[in-house]
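Let me begin by presenting the structure, written as structure tokens, before commenting on it.
A, B, ... follow the sequence lines: proteins, then strands. Residue 1 opens every chain.
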2 protein chains.
Amino acid sequence: MKTFDDEGQRAILEPLTTIEMEHILKALASSRRLLILEWLKDPKSHFPPQVHGDQEKHGVCTQFIAEKLAVSQPATSRHLKLLSQAGLVTASPVKGWTYYRRNESNLSRFTRQLSTEL
Amino acid sequence: MKTFDDEGQRAILEPLTTIEMEHILKALASSRRLLILEWLKDPKSHFPPQVHGDQEKHGVCTQFIAEKLAVSQPATSRHLKLLSQAGLVTASPVKGWTYYRRNESNLSRFTRQLSTEL
DNA sequence: ACCCTAAATAACAAGTTAGTTATATAGTTA
DNA sequence: TAACTATATAACTAACTTGTTATTTAGGGT
């Protein structure tokens, strides 16, 4: 549930629950998943050019991430699912591919809240 | 290794390594350990008065934390060891007791770095 | 319809985490 | 020294995580 402030610009979000914070921390407590988030900051410099979807706009397909992680496609798929369930990345399924990109607003919402609550 | 700025006031610390960041995230990815950190913000309101060491100054003894967590003393000891190894709490062994208190500078160093790097 | 590709899911093995009880260690006190 | 207390460690078990390979699902192209 979210509301908007007077200017309707910045979303004013409910604070993340303790359980959500814990899920996010678990999602981040993995060198592989931290790497994925790091790479997704700048897809162009970390992944080969994508002939189908726009990397900047929709994100990077699972295959590319699996190759760079050097683990199997199913293992990669699970890492991405965990990140996605934690709200740290957004999945965009398009024509057989699934593209993943960072969810910047949730990432910063998390770090802001952690800074004040921890 | 740390150096100090011109006024010698605030410590200027080396940034935490990726591996240290990951250890901290793993230490935080536990509801039990998050609770401990929360309780240690205000020992007086969460623990019985301590006749031996000063709670504010040295921290809270293992027993009290074990009782409040409602898990065994050894399990509690391990949780505290993980937090301590991650640098998030400081252990002060005094006369048979070990007191644990939050390491505020490391906690804020971590949240600051996470905010910029994540 | 058939084949091909990408991704997700299922089933399983290996390693890690988190709990337990029992024991060892260290300091204090009678 | 012996007894008592607080904590840490050892040994074990159960549950969770993370990897694998095999299979299923879903789309697109011929």
Can you check whether [X] has a side-chain N or O nearer than 4.0 Å to OP1 or OP2 of [N]?
X        : N      : value
B:Lys95  : C:dT29 : no
B:Arg78  : D:dT7  : no
A:Tyr100 : C:dA6  : no
B:His79  : C:dG19 : yes
A:Ser72  : D:dG19 : no

Grab the [atom1]-[atom2] distance between [X] and [N] for me, whole Å please.
X       : N      : atom1 : atom2 : answer
B:Lys26 : C:dT17 : NZ    : C1'   : 11 Å
A:Leu80 : D:dT17 : CG    : P     : 17 Å
B:Trp97 : D:dC4  : CH2   : C1'   : 11 Å
B:Tyr99 : D:dA8  : OH    : P     : 12 Å
B:Leu83 : C:dA18 : CG    : P     : 11 Å
A:Ile65 : D:dG19 : CD1   : C1'   : 18 Å
A:Leu25 : D:dT17 : CG    : C1'   : 17 Å
B:His58 : D:dA6  : NE2   : C1'   : 17 Å

Legend entry - Donor-acceptor pair (no angle test) under 3.5 Å: A:Gln73 side chain, C:dA8 base: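 Under the 3.5 Å cut-off, the side chain and the base do form a donor-acceptor pair.
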Inset, instruction - Specify whether B:Phe47 and B:Trp39 have parallel, tilted or perpendicular ring planes, treating 30° as the upper limit for parallel and 60° as the lower limit for perpendicular. - result: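 Ring orientation, 0 to 90° scale: perpendicular.
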Legend entry - Of B:His52 and B:Lys81, the one whose closest DNA chain D nucleotide lies more 5':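 It is B:His52 whose nearest nucleotide is closer to the 5' end.
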Among the candidates [options], find the nucleotide nearest to the side-chain atoms of [X].
X       : options               : result
B:Thr98 : C:dT21, D:dT7, C:dT9  : D:dT7
A:Val71 : D:dT9, C:dG19, D:dT20 : D:dT20
A:Pro74 : C:dA7, D:dT21, D:dT17 : D:dT21

Inset, instruction - Under 4.0 Å between any heavy atoms, over every strand shown, what does B:Thr62 touch: base, sugar-phosphate, or nothing? Just pick one. - result: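 Counting heavy atoms under 4.0 Å across all strands, the contact made by B:Thr62 is with sugar-phosphate only.
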Inset, instruction - Mind listing the closest non-hydrogen atom pair of B:Leu28 and B:Leu34 along with its distance? - result: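 Minimum heavy-atom contact is O-CG, 3.3 Å.
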Inset, instruction - Grab the two heavy atoms, one from A:Ser92 and one from A:Arg101, that are nearest each other, plus how far apart they are. - result: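 Closest pair (atom of A:Ser92, atom of A:Arg101, distance): OG-NH1, 2.8 Å.
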